[in-house]
Number of protein chains: 2
Amino acid sequence: MGKGERAVRIGELSRRTGVSVPTIKFYVREGLLPAGRLTSPNQASYEEAHVRRLRLIRALLDVGGLSVAAIREVIAAIDDPERPVHKMLGEAAARLVPRYERASGGAARAENPAEGSAAVARERVEEIIAARGWRTYRGNPAGEALVAALQALEEVGHGRFAEVLDVYAEAAEKVARADLEYVARNVAREDLVESVVVGTVLGDAVFESLRRLAHVDASDRLFGREEAPGEATGPVAPDAG
Amino acid sequence: MGKGERAVRIGELSRRTGVSVPTIKFYVREGLLPAGRLTSPNQASYEEAHVRRLRLIRALLDVGGLSVAAIREVIAAIDDPERPVHKMLGEAAARLVPRYERASGGAARAENPAEGSAAVARERVEEIIAARGWRTYRGNPAGEALVAALQALEEVGHGRFAEVLDVYAEAAEKVARADLEYVARNVAREDLVESVVVGTVLGDAVFESLRRLAHVDASDRLFGREEAPGEATGPVAPDAG
DNA sequence: TGCTATCTGATAGCCCCACTATCTATGATG
DNA sequence: CATCATAGATAGTGGGGCTATCAGATAGCA
């Protein structure tokens, strides 16, 4: 109670979150943030929940790269109290698949040189799911996004990238398991959905960053020293394994 | 040699890639795509390279979510022939860190409740890098992005998420190793940078999708049946399909 | 009681981005 | 020769995420 439990006006809410007053009002208008409790026709008070919510919004926006519209839907799922946990998680998750909007229609309807790449990709996805024994459902947007990504790889001439998919799937499974265990260990039931959202979105950012860091290291070991002396002559092994 | 080695005009280029003629012109103006070779004052011919480049652009845009500006820089790095491999990779990679622009300044300059979270996050990042023995360099944007992500987690009340970072790092390392091995095995030297770009961006999309799929499975196992009576039992509610 | 800083709620505007439309002059094509 | 496609240029469009401005009301202090 000592901390910040007192109600504040919009000015201090702004100061405590680093979000400008007009922007806070904008979020309220957009339905991302509940309005303050009116204490008089032109005064409203905001509580700790508003601070948390604002931080959530900024995290999803800045770090997670979600759009305001996506955040609105995610938040609607978070706030709806009458929804079985499992369904909530599913619906929240469905909003967290970016990069997909235009991707599915994209080059697919072009005169297709690597024709049937959609079908091939879809098949590969089903293989992986089966191999891993994952339970999922048809039409899962994550699956569609994966199909789109594999298809894009194919069209860009990296169809063989599918070779390493098993490594990816194995890694993804381990990470997902760790995510869920973390949630089970640390999160109260009423915060479940919010935590899953946060973990999903920010977890992506975390993993991407780590992968970049690991790339630098791996690339350094593989290609780094080969051009130290004079020129690049070293063992790039462009073909053999 | 039936394939597509012949030069074509813009109309067919458009048909073969699914990108509209005005949009192709736009990409040329924006420096993403080299202009066609003029055969007369108002006729130009485009080659297979243009087709490939266009597909690359669409993949980065649609699946990778890069901006036109980012793609321009990436492509400049790809096209510059006089650059040591290692530097090229580094510079290309530096362009592939999204979600970071506003993130670093964000809530940091607010009156900070979990104060010093930036310093804590930075320390944690250095710990991980040291523990993994990764070689990197100060100011690596991937590191900064990771700091921002951890800081956002902290501010949203998930500081303990750092507990699972080791799992993430381990997974990222394995994936990165697989990426580099794939590149070494399959990619000719002159295509190295392009492949790294593609692999980095589309690899993110692939991993994210896989992680979502794995989440569904893990969440199903953990929370799926606990509310079975009368509600969504069985192998996950088949929403679509 | 007056004075000023702050607030609510509303409307309008801004800037960036990824295109898209339109136009002219020219040449390709059957 | 008639029609179509094209290059190159300029202008416009729609969406997204804010930002500016305003009127009228209140807070809080001298």
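Here is how names work: the chains are called A, B, and so on, in the same order as the sequence lines, proteins then strands, and each is numbered from 1.
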Enquirer: Show the distances under 3.5 angstrom between N or O atoms of the protein and N or O atoms of nucleotides 26-30 of chain D.
Expert:
unit_1: D:dT26; atom_1: O4'; unit_2: A:N42; atom_2: OD1; d: 3.2
unit_1: D:dT26; atom_1: O4'; unit_2: A:N42; atom_2: ND2; d: 3.3

Enquirer: Quick one: salt bridge (charged side-chain N to carboxylate O under 4.0 Å, His left out) partners of A:R124, sequence neighbours excluded?
Expert: A:E127
Enquirer: Taking CG from B:L54 and P from C:dC19, how many angstroms apart are they, rounded to a whole number?
Expert: 11 Å
Enquirer: Would you list the protein and nucleotides 1-3 of chain C atom pairs, both N or O, that sit under 3.5 Å from each other?
Expert:
none

Enquirer: Which residue pairs satisfy the ring pair (Phe, Tyr, Trp, His ring centres under 6.0 Å) criterion with at least one member in residues 10-32 of chain A, sequence neighbours excluded?
Expert: none
Enquirer: Output all residues satisfying side-chain contact (heavy atoms from CB on, under 4.5 Å) with B:V196, sequence neighbours left out; order by chain, then residue number.
Expert: B:L89, B:T200
Enquirer: Separation of B:I24 atom CD1 from D:dG8 atom P, in whole Å?
Expert: 14 Å
Enquirer: Let's see if you can work this out: which of D:dG17, D:dT19, C:dC19 has an atom nearest to the side-chain heavy atoms of A:P22?
Expert: D:dT19
Enquirer: Taking side-chain contact (heavy atoms from CB on, under 4.5 Å) as the definition, give me every residue that meets it alongside A:V183, ordered by chain and number, with sequence neighbours left out.
Expert: A:V187, A:L192, B:F223
Enquirer: Picking from D:dC18, C:dT20, D:dG8, which would you name as closest to the side chain of B:R29?
Expert: C:dT20
Enquirer: Return the nearest nucleotide to the side chain of A:I10; candidates are C:dC19, C:dC7, D:dT19.
Expert: C:dC7
Enquirer: Sequence neighbours left out, what passes side-chain contact (heavy atoms from CB on, under 4.5 Å) with A:S45? Give chain and number order.
Expert: A:A7, A:R37, A:T39, A:E47
Enquirer: Can you sort out the partners of B:D79 under side-chain contact (heavy atoms from CB on, under 4.5 Å), two or more places apart, ordered by chain and number?
Expert: B:R53, B:I75
Enquirer: Under the salt bridge (charged side-chain N to carboxylate O under 4.0 Å, His left out) rule, what pairs show up with a residue in residues 63-73 of chain A, not counting sequence neighbours?
Expert: A:E30-A:R72, A:E73-A:R95
Enquirer: Output the single nucleotide from D:dA7, D:dC18, C:dC19 whose closest atom is nearest the side chain of A:F26.
Expert: D:dC18
